[in-house]
Amino acid sequence: MKFSRRDFAKIVGSAALGATAIPAFGAEQINTEAALVQQNNARKFPSDFMWGSATASYQVEGAFNEDGRSPSIWDTFSKTPGKTVNGATGDVATDHYHRFKEDIALMKNLGVKTYRFSISWSRVFPNGSGAPNPKGLDFYNKLVDELLKNGIQPFATLYHWDLPQILQDKYGGWEGRETAEAFANYAGYAAEKLSDRVKHFFTINEFGAFVELGYRIGIHAPGIKLPPARFNQTRHHAVLGHGLAVQAIRAKAKKDTRVGLAENMTICVPVIETDEHIKAATEATRQVNAQYMTVIQEGKYTDLYLETTGKDAPKFTDADLKAISSPLDFVGINIYTPQYVRADGSKQGFAVVPHPASFPHMISPWLFVGPEALYWGPRHVNKIWGAKEIYITENGCSSSDVPAADGKVYDTDRVMYLRNYLTQLQRATSENIPVKGYFLWSLTDNFEWADGYTNRFGLHYVDYQTQKRTPKLSADFYKQVIATNAVA
Ligand code: GBH
């Protein structure tokens, strides 16, 4: 059925659609109602925008003891009673190790152009360093080849939290400088072997999560609560590991290899978009991310960070700072939720505003719905540090996801979340903030760390009894976004 403007006006009521409401269309015929709505809204992305999706090794692979893989700190932690919901482990997860071809078919059906996966360090170096395990690397060779065969560009993360247990035992994990050095060695090796086909590497995923939760609060692996001085040193070794890895990749990989990171920096959003609050949110972004993103971008810890940590401040050399701030080709940010900030009269010039108890969130209690984070995140990274190429390396949400009688999950809440967040991302690209791509977390439901298999994040529902994958309504929505290169 074809609609003219007049027909459509009759349906929706001509008062709502005055003669000047959609001047761009003139008298031309609009083929369908949906096309009319889309053209009218036209929240288009740049033509070369890279739509993708993301996963991480321990959350999907399973095959925990196959082909020479040694245990990681997440095997140990998840098998310690009381650490994960229902004692869940990643032993099987979504069995991606054996089902990667099926998962790539799901990606192909969505139409994604890119896939962000992570490499399990203990598959490639079961001893953390020393002799590599060719069978471990082989899985990633097969994965990458299958992606390329399907026209999907692989983006590899080198560390998504599954540290070889042996490095925890030997050096206290990231508390030891040796772990940063071992990481660089592994990163250089992996990039050397894969960079003929993988052109983009992320060093480390989310310092702000694995260091804080693993070594300070103790609710993620390795489940330690270090005292402040040792803890701040651990933070320092994590960013050092990143910097040394960047150098190792540059030294070992093919010359056209591009390197960045994937950090869940705190996204400071001005409570109201006025000059004073924007200024406060900008300064807050530098200060609250001082121990990770800011030192990586600026090559210095901020005065406020050094003052606040005082006698417990990390010990470092100029050479450390130089390595940590090695130039990057792009910046990846994982964005889920905003931190509201306002201007105040204090010396630091800003105040963090806690979320009121009634602030809406998704099924994960921490996942407050604030779509503007997807505008302010890339904008800050571009304006504060001049990043010329930005990726949203993760964005997505958890829902309760109960299959309906027909087997489909009608996750209208996830569609709502994505529509609102992507609208704010489009606002950023329309202002020429250089966001090149977006990786939706996650392709499938998977092992959500301490939350086990509760709090599903996937576009595809996984029945963990049968490992059957079923596209949710949100998968259909994302497919439409990709096909039209627009959000509506
Ligand atoms: C990302 O972390 C991870 O990269 C990814 O692996 C994960 O599956 C995904 O997001 C969804 O969570 O239990 O209240 O103390 C996002 C950052 C860090 C946010 C851990 C939630 C736990 C909060 N997350 N944090 S709490």
Side-chain angles (χ1 to χ4, degrees), residues 52-61 72-74 77-78 82-85 88 90 93-94 96 115-120 155-163 202-223 225 238 242 260-267 288-289 292-293 332-339 354-355 357 359 361-370 373-374 377 391-399 401 414 417-418 421 438-460 462 474:
S53 77
T55 65
S57 47
Y58 191 71
Q59 295 181 272
V60 296
E61 285 178 1
S72 79
I73 55 173
W74 267 97
F77 185 77
S78 65
K83 298 298 184 191
T84 64
V85 171
T94 65
H96 177 73
Y115 174 52
R116 172 177 174 240
F117 63 95
S118 84
I119 298 174
S120 153
F155 282 59
T157 306
L158 291 157
Y159 186 74
H160 201 125
W161 309 354
D162 42 0
L163 184 75
F202 304 104
T203 54
I204 288 184
N205 181 71
E206 297 198 352
F207 302 95
F210 81 91
V211 182
E212 306 295 320
L213 301 177
Y215 293 84
R216 181 166 67 87
I217 305 173
I219 58 171
H220 275 196
K225 293 180 192 171
H242 154 81
L261 80 180
E263 170 60 344
N264 66 324
M265 56 183 279
T266 300
I267 308 297
V288 305
N289 295 294
Y292 304 123
M293 191 65 110
I333 30 181
N334 296 358
I335 301 183
Y336 288 89
T337 198
Q339 176 65 71
H355 296 283
F359 203 101
H361 61 78
M362 303 305 289
I363 197 92
S364 306
W366 55 269
L367 217 174
F368 296 104
V369 181
L374 218 39
Y391 290 92
I392 306 303
T393 30
E394 285 181 29
N395 172 245
C397 68
S398 51
S399 303
D401 287 347
R414 182 174 286 106
Y417 176 102
L418 293 173
Y421 274 68
Y438 169 90
F439 296 88
L440 203 157
W441 186 273
S442 182
L443 179 69
T444 58
D445 295 333
N446 57 50
F447 177 76
E448 177 57 9
W449 307 112
D451 289 336
Y453 293 97
T454 61
N455 296 357
R456 294 165 178 268
F457 275 80
L459 290 172
H460 298 87
V462 176
S474 55

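Atoms within each ligand, like the ligands themselves, are counted from 1 in listed order. Throughout, numbering of the chain's residues begins at 1 and tracks the sequence.
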With no hydrogens and no angle check, is any side-chain donor or acceptor of [X] less than 3.5 Å from a backbone partner on [Y]?
X    : Y    : answer
Y215 : P222 : no
D445 : V462 : yes
H460 : L443 : yes

How does I219 reach ligand 1, if at all, at less than 4.0 Å between non-hydrogen atoms: by side chain, backbone, both, or neither? side chain

Below 4.0 Å, non-hydrogen atoms only: which portion of N446 touches ligand 1? Side chain, backbone, both or neither. neither

Considering only the protein, which heavy-atom contact is closest to [atom], and what is its distance?
atom                    : result
atom 20 (C) of ligand 1 : L213 CD1, 3.2 Å
atom 3 (C) of ligand 1  : E394 OE1, 3.4 Å
atom 11 (C) of ligand 1 : E448 OE2, 3.2 Å

With sequence neighbours left out, the residues meeting side chain to side chain donor-acceptor pair (under 3.5 Å) with N264 are none

Do any N/O atoms on [X] end up under 3.5 angstrom from N/O atoms on ligand 1?
X    : answer
H220 : no
W449 : yes
W366 : no

Within ligand 1, which atoms have a heavy atom of [X] less than 4.0 Å away?
X    : result
A209 : 18 (C)
F457 : 11 (C), 12 (O)
N205 : 4 (O)
H160 : 3 (C), 4 (O), 5 (C), 6 (O)

I want to confirm something. Looking only at heavy atoms, which of E206, E263, Q59 is nearest to atom 16 (C) of ligand 1? E206

Of Y336, F210, W441, which has the heavy atom at the shortest distance from atom 10 (O) of ligand 1? Y336

Tell me which one of E212, E206, E263 satisfies side-chain hydrogen bond (donor to acceptor under 3.5 Å, both in side chains) with Y292. E212

Y438/Y391 aromatic ring centres below 6.0 Å: no

Hey, can you tell me if W161 and H220 have their rings parallel, tilted or perpendicular (30° and 60° cut-offs)? tilted

List the residues meeting side chain to side chain contact (heavy atoms under 4.5 Å, CB included) with F77, not counting sequence neighbours, and say none if there are none. W74, K83, A221

Can Y115 and T55 be counted as having a side-chain donor-acceptor contact under 3.5 angstrom? yes

